[in-house]
Amino acid sequence: MGKEGFVADPATMEMRKRAKELGIRTVWHRYKENHARSKDAPFQATCTTCQQGPCVDVRRTGVCGMSRDVIIAKNLVSETTIGAAAHVGHARRVTAIMKGVGEGSIKGYSVKDTERLNEVYDGLGLDGAKSDNEKLVEIAETIQDDISKLNGAPKMLQFRSLEERKKLWEEKGILIDGGCTEIMEAMNRIAMGMDHDMENLLLGACRLGLVDAYCGMHPATLIQDILLGVPAITKVKTNITVLNADRINIVLHGHKPFLSDAVITAVEEYNSDPKNEPKINLVGMCCTGMEVLMRKGINFAGDILQQELVIATGAVELAVVEIQCTQPAIVDAAAHFHTKIVTTDPMAKMEGTTYIEFMPERAEEIGRQLVKMAVENRANRDQSKVYIPDYEPSEMLAGFSTRQLVACLDKAKPGDPLGALVDNIKNGNIRGVAAVIGCVTPRDDYGYRTVTLIKELIKNDVLVLLTGCVATIASYWDLLKPDPTYPGVGRNLAAVMNAIAKANGVEAVPPCIFMGACVDNSRLEEVLNATASYLGVRIDQLPVAGSAPEYIAEKAVPIGFWTVALGVFTHIGDQPNVAASERAVKWLTEDVEKIFGGKFYVEADPYKSAEKIIEVIEEKRRALGI
Ligand code: NFS
């Protein structure tokens, strides 16, 4: 029992206890030990840029005279740059794979979805290719150019954003050049003696939001869709309890699902041979886990906070990681057992692990090598140390890419799928749409903010779309499980969901719609753009909101600036480290709305945030006259 009667996930709580008994420190322990932020001592402005400093907890100005407001804005730009660089790094890696596939140097992947390929090829304004492979190369070169060019807006931005937004961004001076150029200039502007204008710095952060979206998330999603398939509806099981004490367990961890694809193939090969016993149980973690669950139906073992707990079961032979959100603490947890951790990316090595560089040209061979490693490591397992809590895994109905969503709606209103959504928004059955996205935090009871917020929204007939770690946590509370009684869902929303389910010949749809990993926030823009265009209004007029109730990663920060620049009311559950600047807080939570129509709203309490989101949705409805 926790906050206001909230009961945290029992499997996680039991594993936390177990980890403590074993002397494994988890993220919750470390949070208590290290966290400096408190109500009485809000994070102050601290500048570590130059050797006159560091200027710690600056009350007025730093040694150079830089104001507290500017220091805070500069630090926020720095965090946003790191976040954007992470997503561009992801896109760069998958773009190189796409090019190699098109040129024939990478054989392990091929076009899995021609429709998506053509949509992207045409959308980027390309033409004349004679084969799918030529299209892959041309698309890859276009994205590489978007990422690297010095001048001119990325073609992906031209393709994926609405005319009205592009015009506005140009007018307000935030239309971006190439991704690397923007990242370089962002670092340049925060160097000593450069940008000392708070508003200019914060507009710079908005630019990085666009970099993240159009040189990071959009290309990553599209390439993964083309080469690994567009997600379609699938059922999976989730939570730590998908580990199997009798099998060889392999965990796929990271964000870039190409290595995972090779491991999946190698596991299928191994498991199909009747001589091979015990079989392998392959499970996913963090965003790679989400990518493989929605495309391959692989069960999901844990979000960012659960990574040590999964290892602490003592049942994992091998955890393969590639990029992002890997907590180095898993090495410590693994040292208690036979568990091997393999890192695979030259920019994401980890002391105490085995490094096997993922070379996509050798994907098949590396997949097999990893499987062999896991199988051999099974003999080192001490079965008496295995401890998997005895709870049923949760059920998740996943795979709602935009295409799949449209296909479901099309059954409800043939020929006019968006009409099926918009009619119900207009008649008030659906009050509005909230995208709840991002990470989970150790700050309060596990899942408290996310689960409470989602429950409040769906109770009030707000349709909730999910991406990222919040989505998998939602599944532990059955918020992604189809149940024909629609428990906790508002009467009108439940009636709409029921009608959609019936039209599709299924018993029920889940109370919330899971749209994928964090890079798949790009899919949310597809939905936003299509809805705004259908209604003939701007995005900022739509009865929609975004929320990252438990964000922790730097990647979430540019995503937030992007949604604000798109015109979306964007809730975040924690104040970024800006509280010490009233001016910066005011700009982010008020002034920016006059520029882009979207703004940040900060509130930790999930009841208050739900209330505010609903209030904003109702205001937008009134303004639209619906
Ligand atoms: Ni998103 Fe994926 Fe999770 Fe947060 Fe990390 S896994 S990219 S950043 S923690 S949702």
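Any value given below was found using the heavy atoms of this structure, including those in side chains, with hydrogens, waters and symmetry copies removed. For ligands, and for the atoms within them, numbers begin at 1 and follow the listed sequence.
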Step-by-step side-chain contact (heavy atoms from CB on, under 4.5 Å) determination, I613 to H571: CA-CA 8 Å; I613 288 171; H571 163 241; 4.2 Å; yes
Identity and distance of the protein heavy atom lying nearest atom 6 (S) of ligand 1: H255 NE2, 3.3 Å
Residue and atom, protein N/O/S, under 2.8 Å of atom 3 (Fe) of ligand 1: C469 SG
Rounded to the nearest 0.5 Å, what separation is found between the CE atom of M13 and the CG atom of D445? 6.5 Å
Can you give the donor-acceptor pairs under 3.5 Å from side chains of residues 229-238 to other protein atoms, not counting sequence neighbours?
| unit_1 | atom_1 | unit_2 | atom_2 | d |
| --- | --- | --- | --- | --- |
| T238 | OG1 | S475 | OG | 2.8 |

Gap between atom CD of E79 and atom CG of N75 - 0.5 Å precision: 8.5 Å
Under 4.0 Å between a Lys/Arg side-chain N and an Asp/Glu carboxylate O for R449 and D444? yes
Tell me whether K608 is salt-bridged to E456, with the criterion being a basic N under 4.0 Å from an acidic carboxylate O. no
